[in-house]
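Numbering of ligands and ligand atoms starts at 1, following listing order. Below, each value reflects all heavy atoms present in this structure, side chains not excepted, and no hydrogens, waters or symmetry copies. From a predicted model like this one, the values you see are computed outputs, not experimental measurements.
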Amino acid sequence: MAADRSKIIYTLTDEAPYLATHAFLPIVRTFAAAAGIDVVESDISVANRILGEFPDFLGEQQKTHNTLTELAGKTLQPDANIIKLPNISASQNQLVAAIRELRGQGYMVPEYPENPKNDDDKAIRQRYARVLGSAVNPVLREGNSDRRAPKAVKEFARKHPHSMGEWSPASRTHVSHMTHGDFYAGEKSMTLDKARDVRMELVTKSGKTIVLKPKVSLLAGEIIDSMFMSKKALLAFYEQQIEDAKNTGVMFSLHVKATMMKVSHPIVFGHCVRMFYKEAFDKHGKLFDELGVNVNNGMANLYEKIATLPQSQQDEIKRDLHACLENRPALAMVDSAKGITNFHSPNDIIVDASMPAMIRQGGKMYGADGRLKEVKAVIPESTFARIYQEIINFCKWHGNFDPKTMGTVPNVGLMAQQAEEYGSHDKTFEIPEDGVANITDLATGEVLLSQKVEQGDLWRMCQVKDAAIRDWVKLAVTRARNSGMTAVFWLDAFRPHEAELRKKVDAYLKEHDTTGLDIQVMSQVHAMRFTLERVIRGRDTISVTGNILRDYLTDLFPIMELGTSAKMLSIVPLMAGGGMYETGAGGSAPKHVQQLVEENHLRWDSLGEFLALAVSLEDEGIKTGNTRAKVLAAALDAATGKLLENNKSPSPRTGQLDNRGSQFYLTMYWAQALAAQTQDAGLAQRFAPLAQALTANEQKIVEELNAVQGRPADIGGYYFPDRKKVSAVMRPSATFNGALAALQS
Ligand SMILES: NC(=O)C1=CN([C@@H]2O[C@H](COP(=O)(O)OP(=O)(O)OC[C@H]3O[C@@H](n4cnc5c(N)ncnc54)[C@H](OP(=O)(O)O)[C@@H]3O)[C@@H](O)[C@H]2O)C=CC1
Ligand SMILES: O=C(O)CCC(=O)C(=O)O
Ligand SMILES: [Mg+2]
């Protein structure tokens, strides 16, 4: 065993994974301790990040570290070994709710200034901007992305295929995207000849210069882009699509990523809501402004704000809103039973998960009557929307995919060092006046990229560093070599940014021995078609993509192949030498928390954690020479295989095996595998009593775990639950807890 104690950092996040971790961490610690590994927590939940941001508002006992900054620092160290669970990328609604909850618990962080009135408000809002939206992943992902379905998981899906809806060739479901005036249409891009400091500025029609971002430092070889979305074109597009859906009788739905694209997409979302309810906004717009209504945060915001008005006035507004609904096309629902529509809140329909779910269901979404219906999927930006139309065309022609026979599509995604859209948040602006938007060299005054823009347009700059691209190409070649799969770079020669990327890909591929490998470069639409033709023939194809397609495809293909993206192995080989092991490609499954609170059943599948932990332990073993960590990893892999084989994953139905039961089985199989292995007699001896105790008490433990279900569970909060209560809810089997404790003592 290694002399020094090794360390694995385990993140605490939000919602379903936060709950599951409270059951899993005591198990992990019990096993890891046997290899001298400390498992330390890093709480990066949205609530803890708020507390970490505002120590000056808290009492001494309430103060906490800025854990995210600390963890981000850790990713830059070569010995980093981090298990990263999915976290909430908070919409403004969620942020406000989290603040409310914290204040309700006596943590007096400032109220969120929705409409800042003075400099103090602005400063607080700026601090909250560091917590809003996708604030965690971009700063932790200091490496590119390697996501794939492990062999055992793929085999399980083939043996136990999940349900898939039927596609009809006559389906009217389709994608609508802008054909002009979007980010794709006018994008400009360049590769930097040398390191430069630049600023982003708007030279208005009247000749004023407004500095929007005073300084961005760029490295030699970095690719930068300047692009904008025209407000006029966007509004015309929405009007046309709403009319088209009405005239053709197809349901309307909007799919954006307001959480990750936290500056631009809430605005894109809000324009659609205002257009849909145009008549009501024309009539009550002034009052809405006075009330501070901001439907960039969804209709939930509007309903909350009008609740302060006299009842008669509220009734009138609601009548007018309902009248709009009568005159507009049917709207896709998030929760038909509760009357929650696609416009309720921008975090309810998130494109990477919502489009695959719709495609899996045979091209349908739920309508107000609770029935599945064909749908117009509005995805304004054409840059990536077209891949969804391509897969829809394919499904109409070939029918839905068959999980029993379909090939697999792993992904190698470019995201390191805040690549592409990840780094654009502080470089995205809603243009205040007509003019010219320039990226200008600070030293020379040279205008590098220039766009003619109008008031209300969204203008942004993206950047991607040369080192990140080089690392991405290397990872693609490594994955192609190790898997023997064909690898396709999805790069559109007609998009300026990707034309620049293609040059670098061509150059960096030459740095590797690619003999015998099949590596191709295609535009996105062709790549999708090529990949799907192979998929239905059972062939495997690595997609090598930029950041957004990384996100989209690592939900899309897993959801078709495995029924969920939660079962993916998701590795971030950190560029500094460490490793970050993400637990699946999915999110934090808010619906699951609702079921736990109402019925004490957690349908969250922790398979992603099991897979990630095995790789993390293996990595620790290899890097530090800790052979026991390797034995633990191999046994965990065997246990995960057995878990799948014996179908001990959580059931969605209350009363049946849930997350806790699934974790019990994993523990039992893990202990059994350790007791049975012959590589390390000490470990075998240590885990034999646990294996014995769990095996002997299997039925009793499962009964204890299932007995608590069917009644509400109290976890003492949503964003900032009471950890003692969570642990009590997540560890209800005295027999199981006792067996683990016996090993620790
Ligand atoms: N890496 C990260 O940090 C990520 C974070 N997010 C964040 O997660 C939140 C929710 O995002 P959303 O788009 O709803 O996507 P999710 O992936 O969280 O949820 C969509 C659905 O996928 C299924 N699902 C996801 N994970 C699991 C699991 N482990 N076990 C079983 N089923 C699972 C559930 O289906 P069913 O209801 O049918 O059981 C769930 O309702 C957002 O705040 C988002 O920002 C999103 C993606 C990645
Ligand atoms: O960072 C986010 O907001 C979500 C990330 C995500 O969806 C993914 O990485 O798949
Ligand atoms: Mg995603």
Side-chain angles (χ1 to χ4, degrees), residues 11 13-21 24 44-46 68 83-91 93-95 97-98 132-141 144-147 162-163 255-262 265 334-335 345-358 360-361 411 413 415 418 421-422 425 545 547-559 562-568 570 572 580-596 601-612 649-653 658-659 662 719:
T11 56
T13 56
D14 307 281
E15 296 183 328
Y18 182 83
L19 302 176
T21 298
F24 196 44
I44 49 167
S45 63
V46 65
L68 181 60
I83 305 270
K84 160 68 177 65
L85 285 101
N87 62 282
I88 292 177
S89 292
S91 66
N93 297 339
Q94 289 171 306
L95 185 61
L132 187 72
S134 184
V136 170
N137 292 322
V139 304
L140 295 186
R141 289 173 170 170
N144 290 305
S145 161
D146 167 8
R147 285 181 175 175
H162 48 275
S163 65
H255 304 255
V256 290
K257 183 118 190 181
T259 48
M260 191 161 111
M261 301 314 301
K262 60 181 179 181
H265 280 198
V334 171
D335 188 336
S345 182
N347 57 285
D348 278 344
I349 291 198
I350 305 182
V351 59
D352 54 341
S354 61
M355 283 300 288
M358 182 269 265
R360 182 184 161 190
Q361 277 167 172
N411 177 268
M415 65 177 188
Q418 311 211 2
E421 290 79 356
Y422 258 178
H425 303 321
T545 67
N547 202 354
I548 296 289
L549 283 180
R550 166 200 64 79
D551 181 34
Y552 289 8
L553 298 188
T554 58
D555 262 347
L556 179 63
F557 286 109
I559 286 173
L562 316 172
T564 166
S565 49
K567 296 182 175 176
M568 295 292 276
S570 182
V572 185
M580 187 160 78
Y581 307 95
E582 300 200 20
T583 59
S588 51
K591 279 187 196 158
H592 293 199
V593 187
Q594 198 182 330
Q595 190 181 9
L596 176 100
H601 177 93
L602 186 65
R603 67 182 193 269
W604 173 261
D605 191 341
S606 288
L607 190 72
E609 279 98 308
F610 308 157
L611 299 170
S649 299
S651 157
R653 278 196 202 88
D658 77 348
N659 178 275
S662 183
Y719 294 98

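Gly587 N, 2.8 Å is the protein heavy atom nearest to atom 17 (O) of ligand 1. Shortest contact from atom 44 (C) of ligand 1 to any protein heavy atom: Ile350 CD1, 4.0 Å. Protein heavy atom in closest approach to atom 32 (N) of ligand 1: His592 CE1, 3.3 Å. Taking atom 48 (C) of ligand 1 as the reference point, the nearest protein heavy-atom neighbour is Gly586 O, 3.3 Å. For atom 24 (N) of ligand 1, the nearest non-hydrogen atom of the protein is Thr564 OG1, 4.1 Å. Looking from atom 26 (N) of ligand 1 to the surrounding protein, the closest heavy atom is Trp604 CZ3, 3.4 Å. What sits closest to atom 20 (C) of ligand 1 on the protein, heavy atoms only, is Ala353 CB, 4.5 Å.
Of all atoms in ligand 1, listed by their number and element, those nearer than 4.0 Å to a heavy atom of Asn87 are 2 (C), 3 (O), 5 (C), 6 (N), 7 (C). Listed by atom number, the atoms of ligand 1 under 4.0 Å from Ser89 heavy atoms are 43 (O), 45 (O). Short contacts between ligand 1 and Arg141, defined as distances under 4.0 Å to a heavy atom of the residue, involve ligand atoms 1 (N).
Among Gln94, Lys591, Arg603, Gln594, the residue whose heavy atom lies nearest to atom 36 (P) of ligand 1 is Arg603. Among Ala589, Pro17, Ser606, Ser354, the residue whose heavy atom sits closest to atom 25 (C) of ligand 1 is Ala589.
With hydrogens and angles disregarded, a donor-acceptor distance shorter than 3.5 Å links the side chain of Thr11 to the backbone of Leu85. Judged by distance alone, with hydrogens and angles left aside, the side-chain atoms of Asn659 form no donor-acceptor pair with the main-chain N or O of Ala20 at under 3.5 Å. Between the side chain of His265 and the backbone N or O of Pro346, no donor-acceptor pair lies under 3.5 Å. Not a single donor-acceptor pair under 3.5 Å links the side chain of Asn411 to the backbone N or O of Ser145. Side-chain N or O atoms of Gln94 include one that pairs as donor or acceptor with a backbone N or O of Ser91 at under 3.5 Å. Judged by distance alone, the side chain of His255 and the main-chain N or O of Asp352 form no donor-acceptor pair under 3.5 Å.
Atom CD of Glu582 and atom CG of Asn137 lie 5.5 Å apart (nearest 0.5 Å). The CZ atom of Arg360 sits 15.5 Å away from the CE atom of Met355 when rounded to the nearest 0.5 Å. One finds the OG atom of Ser89 at 12.0 Å from the CG atom of Leu95 (value rounded to the nearest 0.5 Å). With rounding to the nearest 0.5 Å, the separation of CD in Glu15 from NZ in Lys591 is 12.0 Å. Rounding to the nearest 0.5 Å places CE of Met260 at 10.5 Å from CD1 of Ile350.
A heavy-atom separation below 4.0 Å is found between Pro590 and ligand 1. Within the structure, ligand 1 lacks Gly608 among the residues with a heavy atom less than 4.0 angstrom away. By the 4.0 Å heavy-atom criterion, Asn347 is excluded from the residues contacting ligand 1. In this structure, Lys84 has a heavy atom closer than 4.0 Å to ligand 1.
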* Please step through side chain to side chain contact (heavy atoms under 4.5 Å, CB included) for the pair Ser45 and Asp14, ending with a clear verdict. => CA-CA 5 Å; Ser45 63; Asp14 307 281; 3.4 Å; yes
* To do: List the steps, then state whether side-chain hydrogen bond (donor to acceptor under 3.5 Å, both in side chains) holds for Ser345 with Asn93.
  => CA-CA 8 Å; Ser345 182; Asn93 297 339; 2.8 Å; yes
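By the side-chain contact (heavy atoms from CB on, under 4.5 Å) test, Asp605 is found to be paired with Lys567, Leu607, Ser649, Pro650, residues two or more places apart in sequence or in another chain being considered.
Polar contact check, Asp605 against ligand 1: a nitrogen or oxygen pair lies under 3.5 Å apart. The shortest N/O to N/O separation between Asn137 and ligand 1 falls below 3.5 Å. The N/O atoms of Ala566, backbone and side chain alike, include none that comes under 3.5 Å of an N/O atom in ligand 1.
Sorted by chain and number, the protein atoms of type N, O or S within less than 2.8 Å of the Mg ion (ligand 3) are Asp352 OD2, Asp551 OD1.
Across Lys262 and Ala135, no two heavy atoms sit closer than the pair NZ-CB, 4.3 Å. The heavy-atom pair separating Arg141 from Val572 by the smallest distance is CA-CG1, 4.5 Å. Closest approach of Trp604 and Ala16 over heavy atoms only: CE3-CB, 3.6 Å. For the residue pair Leu140 and Met580, the shortest heavy atom distance occurs at O-CE, 3.6 Å. For Ser662 against Phe610, the heavy-atom pair with the smallest separation is OG-CE1, 4.4 Å.
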Atom pairs and distances, side-chain donor-acceptor, residues 552-559, under 3.5 Å, sequence neighbours left out:
| unit_1 | atom_1 | unit_2 | atom_2 | d |
| --- | --- | --- | --- | --- |
| Thr554 | OG1 | Arg147 | NH1 | 2.7 |
| Thr554 | OG1 | Arg550 | O | 2.7 |
| Thr554 | OG1 | Asp551 | O | 3.3 |
| Asp555 | OD1 | Ser565 | OG | 2.5 |

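Ligand 2 is surrounded by Ser89, Ser134, Asn137, Arg141, Arg147, Lys257, Met260, Asp352, Tyr422, Arg550, Asp551, Ala585, each with at least one heavy atom closer than 4.0 Å.
For Ser588, heavy-atom contacts with ligand 1 shorter than 4.0 Å involve the backbone as well as the side chain.
Contact annotation for atom 22 (O) of ligand 1: protein absent (non-hydrogen atoms, distance under 4.0 Å). Per-atom contact check: atom 2 (C) of ligand 1 touches the protein, criterion being a heavy-atom distance below 4.0 Å.
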